[in-house]
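Letters A, B, ... mirror the listed sequences (proteins, then strands); counts begin at 1. Quick caveat: nothing in here was measured; it's all calculated off a predicted structure. Just so you know, these numbers use all the heavy atoms, side chains as well, and skip hydrogens, waters and symmetry mates.
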Amino acid sequence: MRRKEEQRENMSKAKEKSVRKRSGEEEQEEEIFSFSSKQPAEEEEEGGEGGGRRGGRRICPTARTACSPAWRILGVTVRRRRRRREEEEEGDVKSGDEEETAQQGAPSVLKEQEEEGGEKEDEYENDTSDEEDIRNTVGNVPMEWYRDFPHLGYDLDGRKIYKPIRSQDELDHFLDKMENPDYWRTVHDKQTGSDITLSEEQVALVRRLQSGRFGDVDFNEYQPTVEYFSRDVMLHPVTNRPADKRSFIPSLIEKEKVSKLVHAIKMGWIKPRRVEDDSRGRYYDLWASEDSSILARHKMHLPAPKIPLPGHQESYNPPPEFLFNEEERALWEQQDAADRKLPFVPRKFSSLRSVPAFPRFVHERFERCLDLYLCPRQRKMRVNVDPEDLIPKLPKPRDLQPFPTTQSLVYRGHSGLIRSISVSPTGQWLASGSDDGSVRFWEVCSSRCLKTVQVGGAVRSVTWNPNTAVCLLAVALDSRVLLLSPSLADRQVVSASELLLSDKEGAEPVQGAESLVTWSEAEGEELNEGIRLKIQHPKAVHQVAWHAKGDYLASVMPDHSSHLQVLIHQVSRRRSQNPFRRNKGLVQRVSFHPLRPYFFVATQRSVRIYNLLKQEMTKKLQANAKWISSMAVHPGGDHVICGSYDCRLSWFDLDLSTKPYRMLRHHKKAVRGVAYHRFYPLFASASDDGSVIVCHGTVYNDLLQNPLIVPVKVLRGHAVSQDLGVLDVTFHPSQPWVFSSGADATIRLYT
Amino acid sequence: MGGLQKKKFERGSATNYITRNKARKKLQLSLPDFRRLCILKGIYPHEPKHKKKVNKGSTAPRTFYLLKDIRFLLHEPIVGKFRDYKVFVRKLRKAYGKSEWTSVERLRENKPTYKLDHIIKERYPTFIDALRDIDDALCMCFLFSTFARTGKCHVQTIQLCRRLTVEWMNYIITSRALRKVFLSIKGIYYQVEVMGQLITWLVPYQFAHDHPTDVDYRVMATFTELYTTLLGFVNFRLYHSLNLVYPPKLDGKAEAELKEEDEEGYAMNSESYSEKLSALGGSLARVVSAGEEEEAEVDQFPVEGEDMEKMEAREKEQKELEAQKRLFEGLKVFLNREVPRESLAFILRCFGAEVSWDKSVCIGSTFDVTDETITHQIVDRPNAEKQYINRYYIQPQWVYDCVNAKILLPVQDYFLGVTLPPHLSPFVEEKEGDYIPPEKLKIMALKRGEKSAQEEEEEEEEEEEGEGEEEEEDEDEDAEEDEDEEEEDVAEEMNLKKMEKQRSQGKSLSVKVTPGKVKAENPARLEQEEKAEEKRLAIMMMKKKEKYLYDKIMFGKKRKIREANKLAAKRKAHDDAEKVAKKKKAKKQ
């Protein structure tokens, strides 16, 4: 209760104060009101000589509202000064003190005002402004409205106030401007229609206001504030008012609020205040009882990889080689952020103090956060293989000798690329057919060209008759197949071969393919050169192949549209026949089985094997190549190799499968020719990349053992011209030697 | 036949995964809540092996979660808290809208909160698991502790991060676990070994961050929430493993020393205490005030199947480690105002040095600049005005380099105003064939105990050695003896051609016998060639798959060698340029 009372007292005090203050303010206002009334008096006193009463009427009291703050302050100051003067006149002792307080400023204001409050009546007594002032009662209206009237407004009694007589024209104005020294401080007052000349003090005041200072010269704007309402409890109450009744009786509104809260609590809408839980930042031994039961989840858990540790490049002072040079820098700037090897540019600083903050620090941490919770994870097995282990363990080539290792002879003489070579079955002679239209015969050991036969056309294929009892060469050029008897053997053999060719006078032409093929004998010059028989074909012949016995000869005329692609000729009877009734694809190569009556036909993508006795297809080998270029049959007859234009060499084991047993991708370019050796377990392949690769290929009699294929030597020597390298390859019949002919018009012997 | 036709995508991997949106719907959570839950529970998407199967035949890019993971999330109590929070926000908004300030206040007081203790325990069933995963937590906490206390995250979080990191550093100092430090352009890397786990973290340099706008701070804050909890528990456990009081208290002695200093600078006692802790100056109080370091000699039990050599090596390693721990013992170091005080104080104290700093830099300095017993003063300015004779004035890099080299390096390279030697990363372990900067070789030589007087000669030797190696590498790399052979062949052919031409030109061969030259055949080289050829032929016979793998591996190796060579060449060019510049200077003088 006491407290309440005290409070009330305080309140009442405060109110009193505020009331007092307000009264002070009012008084100030009144002062402003009275300003206009006092002004003329002052004027009178100042400029008594000329102004007179008229001058006193210059400022109209109705201008109060229109009055700018400057004018207000002007008024206050004027009034204050006036009073001071009065007091001085009175010679009051008190005035000295007042002046001091006035100089002190604001704290004394209240006191002053109180005093003023005391003097109030006196002031109004002395005030004669009412009588003197002629108030213009028009109010706050634009004075233009009275422009056409002789009067300006009305005084308090309703009489007209007339405009002062102004007869000044521009000239007068000008003269006034020139002559009147006070012209610059003369102001025209619209409400009274008169000119007012501002006094020295007023001018000074305007100047002060213009420069943004306070109007009062003595006003101290930095005086210390006085806190009227402080935290100290005042001794006396501010008001004397008795306490209200409502302060004794319980509040209804509060009751309502409480009942609402009670209801809400009852209904469970409001929960009682939670007890402050301070265990949030408190730590304890979380792993005190480590149970080893690992959740199933942890089995699938893939921990995130740690951030890679920094290298020398990241150092603030890296070794000079790790800094970017200009190229690297340009490259770095050009690259996409994802492609960059380093996510930053290495920089060098001379000292630690010059190292700035890394601008992407927060970014990088944020990216790491994203990686941690957004990046899909997958377990990847890293292959950790020693590359040496991947290389297959093969028998050493040294243990697989003999095989050709070095180039020993070069046969030169042809001027065009040599498409085909063939070694005589005795192994003494080498025949070659070239695009320059000649067939040359070479002695193998001396690389000497013994004979040149001009056949008049690019030679596609040359083949020696494999029968050692005769010495015949089949040559394919354009659409002809020539049979040559080069007479490069002893007399007996030569005569035997002549006999074979010339025997056929009585042979009867057989119908069928006969009509397509014409056999004719060579005459004259050609006869001298050794050409014995000419077999004219309907289309260009690409290859000729002898049967092992040397009587049959197969020729190939690749053609998409025709079933007439392969012809088999019997030399002894000068007969020809077309073995196939149907076209099964573009025939590339044909070959006879070395031992049994089988016939191999290589089309673009497969090799077909026909039984010649039963006249049916026995097997079809899928070469897995785009375009077969060459084919060779193993002397045993159970294995076939195919070279293809898409750089592959496929080895077929006929007993194993129709799929290749082994695909070899040794060559970089198209394989042009393949060959088996007759005795040695060797085969060779020639390619457009200018190399001949000799491989060891042992074939076992045991059916369970697969052939052993080991590349043993890469032979180089041929130059590549017009994208053609080595065109044909063949082995010496008895020695481990290999011949190769190339597009550079040479034949090379490797031994 | 018979039976129903099997429907596609109803078994196998298609049922093991769930897309993110489906998971979200299953959990009935908004995307931010789902994200937060995933972060807290450590759930991450999995990349299925057969994406198309999982994606029900579509190849649209989707993220997949394991269905088991999502099912596991269903039982998480925190999900309930998230829903509570959602309700809370709704109520609060409503109260705001109605301007019911009392209910706003009441709601605020009842704001739902959650604890993450059980999640930590669940994610890291053993303490070692937690230690293994603490790298990121440390990085994050150290980053957050450097944030300004304005706006980007709660002040409490920043304070907590600061407190936890200080605790961590104090533990490292006490256990002397620091192994490697690295001054990078990003910040300072520290690597410590705690309970056999290598832990690395990165501390940014002490600058204000200009916060990027494209970073979602809510995600970072969620991570920090988890990490602070984790770090707190880890700290607790670590402190108790060393019999230290947790939360950490300064040792009685140290405290008494610190008490003397003026504390008027700090408004609150608690704050000043945490500041003192973070000054890293004093040792920590122990639960059992045991006598100074009673270290039991560890008995050696030779493991079966382990030979003596290995054991010896291990022992040697152990000894080296012990020596490293006492690296700076006996040094009295004073840190100048301009050096990074916290980092240096931390490192120096980790290796047993006495450290002090200027009083105006931080609380807790123990001695003054004028102390005559100071052995090293770390300065990072071009020159010092007043120098004492009996101490070294060195640049801060010396400390870092010493720690990495595990020996006290000669100080003359680090004096004031001297061009510093390059600062190398201690984390790079060069394998055979990698490029090793010459500075590293120098340090390695120093460690081996070679005299510094011979240094320069050695350097040259080493350089030569390096060059020799490079040449060898070149040979290995190129392996292009074929070309040589080819060239020989070509030459031979030319000879033959000439001969033949001569032969064909006329029968009058200029019969002339020129003395032949004996070809000096190097048997070793021949053998090498043969072997190389054998290898090449064997490579030809490789299967396609293996060949691909082999080519890839060899490509990688070659690239590595190429890069190493490039670096070496760059270095050489730089050194040469420098030499020339030096000579020019000398001439001018």
Task: Which atoms of B:Ile120 approach chain A - backbone, side chain, both or neither, heavy atom under 4.5 Å - done: both
TODO: Pick one of side chain, backbone, both or neither for A:Asp389, based on which atoms fall under 4.5 Å of a heavy atom in chain B.
DONE: neither
- [ ] Would you check if the distance from the ring center of B:Tyr65 to the ring center of B:Tyr44 is below 6.0 Å?
- [x] no
Task: Nearest heavy atoms of A:Asn317 and B:Gln397, plus distance in Å - done: ND2-OE1, 3.3 Å
Open item on the list: Counting only non-hydrogen atoms closer than 4.5 Å, does A:Cys375 touch chain B with its backbone (N, CA, C, O), its side chain (CB onward), both, or neither?
Closed with: backbone
TODO: Under 4.5 Å heavy-atom distance to chain B, tell me which part of A:Arg360 shows up: side chain, backbone, both or neither.
DONE: neither
Task: Which portion of B:Tyr217 sits near chain A, non-hydrogen atoms under 4.5 angstrom - done: side chain
Open item on the list: If I measure from the heavy atoms of chain B, does A:Ile307 come under 4.5 Å with its side chain, its backbone, both, or neither?
Closed with: side chain
- [ ] Kindly check if the number of other-residue, nucleotide or ligand heavy atoms within 6.0 Å of CZ (B:Arg20) is above 12?
- [x] no
Open item on the list: Between A:Phe366 and chain B, with a heavy-atom cut-off of 4.5 Å, which part of the residue counts as in contact: side chain, backbone, both or neither?
Closed with: both
Task: Salt bridge B:Glu47-A:Lys380, side-chain N to carboxylate O under 4.0 Å - done: no
Task: A:Arg662 versus chain B, the contacting section by heavy-atom distance below 4.5 Å - done: side chain
Open item on the list: Is A:Ile391 close to chain B through its backbone or its side chain, or both, or neither, when contacts mean heavy atoms under 4.5 Å?
Closed with: both
Task: Side chain / backbone / both / neither for A:Ile693 at chain B, heavy atoms under 4.5 Å - done: side chain
Task: Side-chain donor-acceptor contact under 3.5 Å, B:Asp133 with B:Tyr124 - done: yes
Open item on the list: Rounded at 0.5 Å granularity, tell me how far CZ in B:Phe207 sits from OG1 in B:Thr146.
Closed with: 12.0 Å
TODO: Count the heavy atoms of every other residue, nucleotide or ligand shown that sit under 6.0 Å from NZ of A:Lys668, and state whether that count exceeds 12.
DONE: no
Task: Heavy-atom contact with chain B under 4.5 Å, split by part of A:Pro318 - done: backbone
- [ ] Let me know if B:Lys49 has heavy atoms under 4.5 Å from chain A in its side chain, its backbone, both or neither.
- [x] both
- [ ] Could you tell me which portion of A:Leu390 (side chain, backbone, both or neither) has an atom closer than 4.5 angstrom to a non-hydrogen atom of chain B?
- [x] both
TODO: Check each atom of A:Gln313 against the heavy atoms of chain B and say whether the ones under 4.5 Å are side chain, backbone, both or neither.
DONE: neither
Task: Proximity breakdown for A:Val385 and chain B, heavy-atom pairs closer than 4.5 Å - done: both
Task: Segment of A:Lys341 engaging chain B (4.5 angstrom heavy-atom cut-off) - done: side chain
- [ ] Salt-bridge test for B:Lys566 and A:Glu321: reply yes if a basic N is under 4.0 Å from a carboxylate O, no otherwise.
- [x] no
Task: Any donor-acceptor N or O pair under 3.5 Å, side chains A:Ser685, A:His666 - done: no
- [ ] Compute the ring centroids of B:Tyr246 and B:Phe236, then answer whether they are less than 6.0 Å apart.
- [x] yes
Task: Side chain / backbone / both / neither for A:Arg353 at chain B, heavy atoms under 4.5 Å - done: both
TODO: Name the region of B:Asp135, side chain, backbone, both or neither, that has any atom closer than 4.5 Å to a heavy atom of chain A.
DONE: side chain
